[in-house]
Every structure is written in C-alpha cells, then in structure tokens.
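Data block below; observations after.
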Amino acid sequence: MTPGKVLQPVLKMKVDELFLCWLSQPATQLTLKDLLRRIKNEEKTEIGNGEPGNSKNEKLADKNSSSKQCMLGDTRLPLMSFSPPQLSTTLPLATPATPRNTSNNIRATRRSSGTRVVQTKKEETLPPSLSQNIPTFYFPRGCPKEKVNIDAVIAKIERTFSEFPNERATLEDMGKVAKACECPLYWKGPLFYCAGGERTGYVSVHKFVAMWRKILQTCYDDAAKFVHLLMNPGCNYLVQEDFIPFLQDVVNSHPGLSFLKEASEFHSRYITTVIQRIFYTVNRSWSGKITCNELRKSNFLQNVALLEEEADINQLTEYFSYEHFYVIYCKFWELDTDHDLYIDRKDLARHNDHAISNRMIERIFSGAVTRGRKAQKDGKISYADFVWFLISEEDKKTPTSIEYWFRCMDLDGDGALSMYELEYFYEEQCQKLDNMAIEPLPFEDCLCQMLDLVKPQHEGKITLHDLKRCKLTNVFFDTFFNIEKYLDHEQKDQFSVLRDGEGESQEVSDWEKYAAEEYDILVAEEAASDQWNDGYEAELNPEDHQKANVLKYQMEKRPFFEMPSHLADVDLDEYDYEEDFE
C-alpha cells in the first residue's frame, strides 16, 4: 500500500483494538512506568560511537530517545503514540516527513543490515525447485527411448519399397514392410490402411515414410503405435469398429482360417466374436473405448505377434480361436429360433435347460450389463451381448465375469450386495428346489456359508473387492441364480471344491474347458447328422438329390450379417454401441 493511503474504518477499529490490547499488557505498563520515571528524574545516557561492542549504551539511548518522543506526541512511532486519530491517516511503515535523530538512524541501519544478512542466508540454503528433483513418470504414449535411430529405420523401409514396382506396396506386399518397420507380421493391415491404401489400393513410399516417421516421433511403445494405426483421426482410443479392417486381414491371410475363404458369410460373424472377446478382456473400464494404458496392461499385442508363429488359430484361445467362435455362435443359433439376430427373455431362459433364474434374466435385460438401449426398449439382446453372457456364465472367476454378475446382483447400484439382495435371488432357487422335490437350505444357513466363503471385510454387505479376493466366486454366484451348477457344487466333496478354488495357477481356464467339451459334442453331432443325411440322400433319385442339396445350401447360406466388403465393412451399429456401460 502506498504511503498516505487512508485506512478503511474497519481497519482503524482493528488498529485501535490492538493498540489498547498492547497498552493493557503488564509488561507494557512496567515499561511505560520505567520510562516516565526516567523522564521525571531527567536521566541522561551518552550515545556510543556506533561500534558493535557498545550495544548496551545504544539500547539505553534508544529507550531514552523513544520515551522523549512519546511524551512529545511524535506521530512517527504509532505504537508509542497517544494520538489515535493520527493513526488512521497514515500507514505504520510510511516514510516520515522529517529525518529521525541519530539514535533511531543507527538502530534502523543495524536492523536493516541484519535483515539483509538473514535473507541472504535463506536464499543460499533454499533447495532447488521440486520439478527438478522429481523425474517425469507419466508417459501416455510410452516411455521415450534414448537410442532410436529413426533415419536408419526409414532407410530400411525405403530399401524395402525399392523392391516393389514404382516403389508402391499393395496389401500383399505389406508383410515385408511390416518387418522393415520392426513390427509383427499382422500389423500389415493397419499399416496399409493408416497410410491411405484403401483409397488407391497401394501405398507410395513417400506417403508411408511420412506416416511412419510421425508415429516414431510421437509414439514410443507398441501399444501407442497400434492405437495410432487403428484409431480415428482426433481420437486417442479404439472403438469396436476400429478393429474390423485389422481382423478382416487376419481372416483373409492367416493359414489357420483358410477354410473360411469359401464361406465369406461367416467372416463378419467371426470378426464380431473376436471383437467382443477383445473388449471383454482388454477394456477393463467397461467404457467401450480401449486406451493405450488398457492395451499396454493386456496381453492382446502378444497374441497378435503369436499369429505369425502359430499356424493353428485354435491354439490362440484368448481371442482368435475359431473353435471358441463356433461354440458361441452355435449356442446363440440354438436360442435364436426365428433367426432375427436377437434373442428375448424366453429365448435366453432356454439356455442350458432353464438353468438361469428368471430374476437374473430380468437383470440381464435391464441394461445393467448390455450396451445400448435395445435390451430395455425392445426386450432383446444381440449376438454381441450374448458373447459376454456366455463367457461370463461359463467362467465366473475372471475379473470381467465377476464384475458382470456383481452388476446384475447389485439391484440398487450402491456398490455392495446386501443381505436383502442375496435373499431376493435365493428365493427363486428355493422355489426351483421345491419343484424338484429337494428340500432347500434355509436362507440363514446359506447366508452363513456364503459369508464364510467370501469373508467380507465389512459386516452385513459384500463388495466387489471381497468377491475378487475370493477364490470360489463361481460357487457363490451359482448358489443364487444357476440351479444346475448349484446342485453340482452341493454334490461335490468339499475338499474337491477347495482344490478347484486353490488351483488358481491352472493353465486351462473354466471357459477353455467348456469350449473344448462343447466343440467335441458339436462335431460329434454334426458327424452323426451328416452320416444320416448321406444315407437318406442315397435313396433319392438324381433330380431329388439335386433339390435337397439346393435346399440345404439355401438354409446354410442364410446370412447372419451382411457380407463384408474387401475392407470388412461390418455394420456394428446394428448393436447400438453408441452408449457406454452405465
């Protein structure tokens, strides 16, 4: 504040209050009495020559001088002034109009000098700023590598393009380019499309080099590069449609899927299944958008690299297995009796001979675990939703499946399963057991067993964290909404159930076991059906035999999706994926 600025009335009242408080203190009273006594006795002390050793004389002189100024009503020392109105007109630290006496000047000089020394010491001992001590730890596009010779990589790519006519690479040539970029073989499709190859059918060396140089300068690990290759412009994440061109190239070129070349109508069905499995495993946030961090934490890119090494696609059971797709699709086709690509509550209730409780089916169709509004609006779920359901139903030990069923059982959405919610689902189980002439266990006893099984951290409720710590979550969930599996657990020896739960390091998951068993059953049924058809068709004359083949071909050829183009333009909007999970 500049000298001479008028104090506000409220500030004046505060200054007066502080002055009266200081004046009423016993120490102040003693000091004032001593100063008055000295003035009355006209005691004088000589001021020293200002040397450091004469500090005692300076102190006495300062006190004497100050006391005289107080008696004369000097306004330059507000704390000793007896004129409050003058305090309200000037700031305490304002420069006085007349010079101070020698004593005050010496004291002020010494005080100012001492302050400067202290400040200098503080500046010398200050540590460096914190930003210099904390290294950068957040790298959304990967941690930059110190020694990456971009020019050498570009030179290698240019040599590879020089082998092609006019230095232009087609999609069939991109395998060599991917290797020159030091990428897995099946990155060739994303590399081709990201460089604009879908518009002209080829990629020029200049366009590809410009694209890849930009990626090398901005993306520092495989996850960031893969997301950049597949994502739409302006995004930093992947949605389901972004995977279609990549997977179509896998279908077209992988030797383990060569038999699908003659059955192009199944391409989109296989692609949809793989996409749902990718999001089921990788998209841990349930947002419908895969980020670099989620891709980095998953094993998806490792599986993409294995596509080159493994000729048998069925060995890649986590995402790409055709046998797993075959099982999922056949299970859906059995339920979808009208083949309109959607199933309703009655259709889903027939799964596994009505094993799932009706109350749980209602929760599935409530929108708790489905994408879009079609399940709530029309009462139907799509094939993509069924993929999530079947994998969650057959393997209740994975993080995603635990979250899936927890969302369904959490009726009020408060993030915990209350005893009321458990009883709500258990009531229908008891009804089913009564219909089967089996005496159900009272809910109180069942609850004690489940609490001992889960061991929740907080009494009276079970959280998602509690279930993820439990090794027997499949037993917990089956108890409340799957009557067939509940009875299987009850008939098993308790020690065998515990052994199954402790076998956490098992190489084969529950889903893989189920898929392998069901695939063998389906293949056996297909073989028996073909054997019967061959025997029946042998009795037909050539004309009837031809009609039967045409009818069989028409029934088998009924499309599940529209046939994809050469860029695998699968219409995933049919599933209403615009909205994320709530």
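FYI, side chains are in, hydrogens and waters are out, and symmetry mates aren't considered; it's all heavy atoms of this structure.
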Open item on the list: As an exercise, state the distance from CZ of Phe386 to OH of Tyr383, rounded to the nearest 0.5 Å.
Closed with: 8.5 Å

TODO: Let me know which of Phe332, Tyr519, Tyr270 forms a ring pair (Phe, Tyr, Trp, His ring centres under 6.0 Å) with Phe325.
DONE: Tyr270

Task: Exam field: side chain Asn474 to backbone Lys397, donor-acceptor pair closer than 3.5 Å - done: no

Open item on the list: Just so I know, are the side chains of Asp378 and Asp344 near enough to count as touching, which here means a heavy-atom distance under 4.5 Å?
Closed with: no

Open item on the list: Looking at every heavy atom in both Ala169 and Phe161, which two are closest together, and how far apart are they?
Closed with: CB-CE2, 3.6 Å

Open item on the list: For Trp286 and Tyr404, take the angle between the two ring planes, folded into 0 to 90°, and tell me which bin it lands in: parallel under 30, tilted 30 to 60, perpendicular over 60.
Closed with: tilted

- [ ] Measure across Glu310 and Asp312 and return the closest heavy-atom pair with its distance rounded to 0.1 Å.
- [x] CG-O, 3.1 Å

Open item on the list: Parallel, tilted or perpendicular, judged at 30° and 60°: which one describes the rings of Tyr329 and Phe266?
Closed with: perpendicular

- [ ] Taking the side chain as every heavy atom from C-beta outward, state whether Ile271 and Val251 have any atom pair closer than 4.5 Å.
- [x] yes

TODO: Mind running side chain to side chain contact (heavy atoms under 4.5 Å, CB included) on Thr281 and Thr400 for me, showing each step along the way?
DONE: CA-CA 7 Å; Thr281 305; Thr400 304; 6.0 Å; no

Open item on the list: On a heavy-atom basis, which atom in Asn283 and which in Gly288 lie closest, and how many Å separate them?
Closed with: OD1-N, 2.8 Å

Task: Distance (rounded to the nearest 0.5 Å) between Lys331 NZ and Ile343 CD1 - done: 12.5 Å

Open item on the list: Could you measure the distance from the NE2 atom of His254 to the CD atom of Glu308? Nearest 0.5 Å is fine.
Closed with: 9.5 Å

TODO: State, with a plain yes or no, whether a side-chain heavy atom of Asp340 is found less than 4.5 Å away from one of Lys380.
DONE: yes

Task: Glu294 side, atom CD; Ser287 side, atom OG - distance, nearest 0.5 Å - done: 5.5 Å

Open item on the list: Tell me if the aromatic rings of Phe389 and His351 count as close, with their centers under 6.0 Å from one another.
Closed with: yes

- [ ] For the pair Glu403 and Arg284, find out whether any cationic side-chain nitrogen is under 4.0 Å from an anionic carboxylate oxygen.
- [x] yes

Task: Min side-chain heavy-atom separation Leu229-Met211 under 4.5 Å - done: yes

Open item on the list: Between the side chains of Asp249 and Lys188, is the shortest nitrogen-to-carboxylate-oxygen separation below 4.0 Å, so that they form an ion pair?
Closed with: yes

Task: Minimal non-hydrogen separation, Leu185 against Ala178, with atom names - done: O-CB, 4.1 Å

Task: Name of the residue among Trp511, Trp388, Tyr514, Phe481 meeting side-chain contact (heavy atoms from CB on, under 4.5 Å) with Glu393 - done: Phe481

Task: Interatomic distance, Cys181 atom SG to Met174 atom CE [nearest 0.5 angstrom] - done: 7.0 Å

Open item on the list: Would you say that Arg363 contacts Met409 through its side chain, given a criterion of any heavy-atom pair below 4.5 Å between the two side chains?
Closed with: no

Task: Glu362 and Arg345 ion-paired at < 4.0 Å - done: yes

TODO: Determine, step by step, whether Phe259 and Tyr322 satisfy the ring pair (Phe, Tyr, Trp, His ring centres under 6.0 Å) criterion, reporting the C-alpha distance in whole Å, the side-chain angles of both residues, the deciding distance to 0.1 Å, and the verdict.
DONE: CA-CA 11 Å; Phe259 60 90; Tyr322 180 83; 4.8 Å; yes

Task: Pi-cation contact, Tyr237 with Lys289 (under 6.0 Å, within 45°) - done: yes

Task: Neighbour count above 12 (heavy atom, 6.0 Å) for Lys176 NZ - done: no

Open item on the list: Checking Asn352 against Glu484 for the side-chain hydrogen bond (donor to acceptor under 3.5 Å, both in side chains) test, could you report, in this order, the C-alpha distance in whole Å, the side-chain angles of both residues, the deciding distance, and whether it holds?
Closed with: CA-CA 9 Å; Asn352 199 16; Glu484 295 294 335; over 6 Å; no

Open item on the list: Test your reading of the model: is there a side-chain donor-acceptor pair from Arg168 to the backbone of Gly201, 3.5 Å cut-off?
Closed with: no

- [ ] Work out which heavy atom in Leu238 is nearest to a heavy atom in Phe279; give both atom names and the distance.
- [x] O-CZ, 3.8 Å

TODO: Could you check if a side-chain atom of Glu323 sits within less than 4.5 angstrom of a side-chain atom of Val327, using non-hydrogen atoms only?
DONE: no

Open item on the list: If we ignore hydrogens and angles and just use 3.5 Å, is the side chain of Thr160 paired with the main-chain N or O of Val177 as donor and acceptor?
Closed with: no

Task: Min side-chain heavy-atom separation His267-Asn252 under 4.5 Å - done: yes

TODO: Locate the shortest heavy-atom distance separating Phe246 from Leu230; write the atom from each residue and the value.
DONE: CB-CD2, 4.4 Å

Open item on the list: So does Gln217 get a backbone contact from the side chain of Tyr220, meaning a donor-acceptor N/O pair under 3.5 Å?
Closed with: yes

Open item on the list: I'd like to know if Asp410 pairs up with Arg407 as an ion pair, taking the criterion as any Lys NZ or Arg NE/NH1/NH2 lying under 4.0 Å from an Asp or Glu carboxylate oxygen.
Closed with: no

Task: Donor-acceptor contact below 3.5 Å, side chain Asp385 vs main chain Ser382 - done: yes

Open item on the list: With rounding to the nearest 0.5 angstrom, report the CG to CH2 distance, Leu335 to Trp333.
Closed with: 12.0 Å

Open item on the list: Quick check on the 6.0 Å ring-centre criterion: do Tyr319 and Phe243 meet it?
Closed with: no

Open item on the list: Can you confirm whether Glu394 sits close enough to Lys485 that some side-chain heavy atom of one is under 4.5 Å from a side-chain heavy atom of the other?
Closed with: yes

